[in-house]
2 protein chains.
Amino acid sequence: MHNSFSEQNIGFSAKNKEKTDKNNQPESFLGQNSSTQDLLDKSHTKQSIKKKRILTGDRPSGKLHLGHYVGSLQNRVKMQNSHEQYVMIADLQSLTDESFKSENILEIMKDYISVGIDPEKTTFLLQSQINSLYELTFYYMNLVTLGRLERNPTIKEEILQKGYKDSIKAGFLCYPVSQSADITGIQADVVPAGKDQIPMIEQTNEIVRKFSQQYNSNCLREAEILLSDQPKLVGIDGKSKASKSLNNAIYLSDNEKTLREKVFSMYTDPDHIHVHQPGKIEGNVVFSYLDSFYEDKEHLSELKENYKKGGLGDIKIKQILFESLRAFLTPIQNIRLQLKDEDMISILKNGTYNANIEYEKTIQEVRKSIGIYSFD
Amino acid sequence: MHNSFSEQNIGFSAKNKEKTDKNNQPESFLGQNSSTQDLLDKSHTKQSIKKKRILTGDRPSGKLHLGHYVGSLQNRVKMQNSHEQYVMIADLQSLTDESFKSENILEIMKDYISVGIDPEKTTFLLQSQINSLYELTFYYMNLVTLGRLERNPTIKEEILQKGYKDSIKAGFLCYPVSQSADITGIQADVVPAGKDQIPMIEQTNEIVRKFSQQYNSNCLREAEILLSDQPKLVGIDGKSKASKSLNNAIYLSDNEKTLREKVFSMYTDPDHIHVHQPGKIEGNVVFSYLDSFYEDKEHLSELKENYKKGGLGDIKIKQILFESLRAFLTPIQNIRLQLKDEDMISILKNGTYNANIEYEKTIQEVRKSIGIYSFD
């Protein structure tokens with residue numbers, strides 16, 4: 001049956017707890033990222049307070065890259081200490097844009113674990129295996145009008161891009177409804193997201209209010225958006241944010257040769273032709289990456305001053321960035337090498353099993369509120 | 001859990017088989033309906049041929065009436081012999097028009113059984129309890145464009161009626177997709193329906209073809225519409241078809257007093273004031289009902305001739321119709337009186353359990369075709 005996950009493998013994460021915990025120490029593989037360490041320390045002191053539930057996740061559209069690390073992964077490594085964290089691999093969402101590949105699921109799990117998202121602290125779940133999501137989506141569709149969905153900015157942009165709405169898939173139009181099911185089904189208090197995702201949370205909370213009013217029920221809760229304070233990491237071409245589809249990203253799993261090639265092909269300052277000339281920092285991809293990954297902020301300020309004055313060459317700063325990223329990625333990749341497919345499956349299966357229990361609680365309440373007949 | 005129906009009550013229908021079979025003899029309660037008998041005899045000879053699967057059903061929006069009997073119920077009593085018949089109580093569809101009342105489910109089951117739909121020959125199922133329908137609907141939404149759904153004549157009419165489409169619920173727009181899940185999930189060969197339902201079957205078969213092409217799969221089959229040759233039964237007011245919402249229908253469960261009141265208030269020929277005057281047959285509700293329920297067709301022709309010539313009064317023909325309907329309804333109501341709620345629940349629960357097995361086969365194939373990850 002579809003959602004009948006066995007509990008037989010729950011032992012895995014416990015067995016490997018010691019190893020995983022050690023690996024999660026930021027000193028061992030995150031370099032000297034003092035801000036991450038600060039936040040980890042702070043969050044540890046909060047553990048006695050009742051933790052809020054957080055839902056986050058990714059579409060399995062490919063391996064994760066440094067843009068994901070800066071934008072979300074590093075935050076998850078922190079949040080798992082201060083929050084009850086659920087990380088969803090949103091394979092159903094991938095169906096709407098036809099980017100779906102089930103083999104990406106294992107790669108993403110390895111990315112998660114290797115950067116330090118700890119299955120002892122975080123529940124991983126596979127969206128398609130949460131049976132009640134389909135049902136919740138179905139019910140919520142009766143609470144949302146066509147006009148409201150078409151006014152969603154993401155949908156509006158897609159309609160504009162395509163020039164006409166005839167080719168928009170119903171599944172795409174309704175995917176904010178499906179996201180609302182993801183969020184409300186797990187009873188998330190907090191959803192970390194970028195500014196562009198504000199309409200998605202608004203749609204979710206509208207559905208919650210409509211449901212509460214229509215069925216005179218309080219079984220669903222509104223969620224809060226946790227806006228990221230991190231700017232999006234730029235792609236190596238400097239043209240837009242790092243992304244798989246634009247082929248301008250450095251992957252967590254890129255080997256040394258690829259890393260070197262990508263760093264040395266980075267867009268810098270096209271007018272900075274000779275070492276002695278003054279160079280620009282703004283729009284210079286190398287400095288953007290150094291801002292995110294170079295730990296010694298004081299030295300970084302000096303480097304910037306020297307670059308602006310003239311006398312610091314692109315090759316030199318690229319070499320510094322390369323070393324810095326290599327130091328960051330090597331321990332992550334060393335962990336990744338030790339990760340076995342079957343263990344990734346176990347972790348995801350167990351997490352999905354546990355998440356299903358939570359979603360099942362919600363759907364039971366939802367059915368009762370609507371008045372769905374039950375044979376039991 | 002949601003779709004885990006126990007098998008413990010399967011004994012019910014077997015235990016009552018003898019009684020039910022006897023009750024199903026059309027002679028015992030359908031009067032001398034020779035055409036029904038003819039068709040039953042014909043269909044019996046077909047039983048050695050592999051039976052086609054048929055899906056039909058009703059929204060649980062209220063008790064069933066004579067319009068349902070003429071339009072579908074009498075056909076189901078026949079089809080259950082020649083086909084492998086599934087009758088779905090479509091409670092999810094009721095959610096889209098907010099007519100949903102779960103208490104109607106038992107009343108409709110009693111209507112079904114009392115007119116002779118036999119749980120030994122027909123599988124009854126409750127739509128909301130078929131888990132895979134939600135999931136199938138979800139997948140199919142990615143195969144249908146917004147433009148295609150908006151061109152559906154039923155939806156178009158609703159949009160016209162409301163004057164603007166902003167208030168159309170997404171669930172209403174997408175309900176042809178959900179119907180496609182009902183039909184394809186059970187692998188129906190045949191769907192009996194009126195002409196107005198042709199677009200629904202076309203949408204279903206379009207989804208099947210799109211699925212087959214996109215996923216290179218042949219796990220879904222196209223369905224054939226079986227157009228009803230019965231004209232729709234008119235309401236007692238003569239203005240439109242018999243319907244619950246227009247309050248112009250005679251219910252299968254109406255008592256003698258109500259039946260008499262309704263028959264004697266029927267619209268006839270407003271110009272036929274005196275008995276001796278000639279009367280009109282066209283648009284005369286009493287003769288419409290006699291066409292459907294008066295067995296002696298020869299005598300009916302004579303009555304019509306006399307009415308047209310003049311000399312046959314409205315009270316006389318109403319009395320004939322009343323007697324005729326009373327003779328038709330009394331044995332049905334006698335059976336209904338014997339039906340127990342718990343037995344209706346058992347029949348529906350067992351049928352739903354068995355139907356779930358069939359739907360589950362389909363969803364497994366669908367998941368495999370799409371490439372949905374499985375932990376098993």
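Residue numbers begin at 1 in each chain, while the letters A, B, ... track the order of the sequences. Below, each value reflects all heavy atoms present in this structure, side chains not excepted, and no hydrogens, waters or symmetry copies.
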Can you find a pair of side-chain heavy atoms, one from A/Phe375 and one from B/Asn350, that are under 4.5 Å apart?
no

Can you check whether B/Ser132's main-chain N or O pairs, donor with acceptor, with A/Glu135's side chain at less than 3.5 Å?
no

A/Leu149 CG to B/Lys169 NZ distance, which is reported to the nearest 0.5 Å
12.0 Å

Could you tell me whether the side chain of A/Thr145 reaches within less than 4.5 Å of the side chain of B/Ile168, counting heavy atoms only?
no

Take A/Met141 and B/Thr137 through the test side-chain contact (heavy atoms from CB on, under 4.5 Å) and record every step on the way to the result.
CA-CA 12 Å; A/Met141 299 254 292; B/Thr137 303; 6.0 Å; no

Point-to-point distance, once rounded to the nearest 0.5 Å, from CZ of A/Arg148 to OG of B/Ser167
15.0 Å

Part of A/Leu348 lying under 4.5 Å from any heavy atom of chain B
both

Go through the atoms of B/Leu173 and report whether side chain, backbone, both or neither lie under 4.5 Å from a heavy atom of chain A.
side chain

If you count every heavy atom of other residues, nucleotides or ligands that lies below 6.0 Å from A/Glu342 atom CD, does the total exceed 12?
yes

Nearest 0.5 Å, please: how far is OH in B/Tyr139 from OH in A/Tyr134?
3.0 Å

Look up atom OH in A/Tyr373 and atom CD in B/Glu103, then write down how far apart they are to the nearest 0.5 Å.
11.0 Å

Contact summary for B/Ser128 and A/Ile372, nearest pair of heavy atoms:
OG-CG2, 3.7 Å

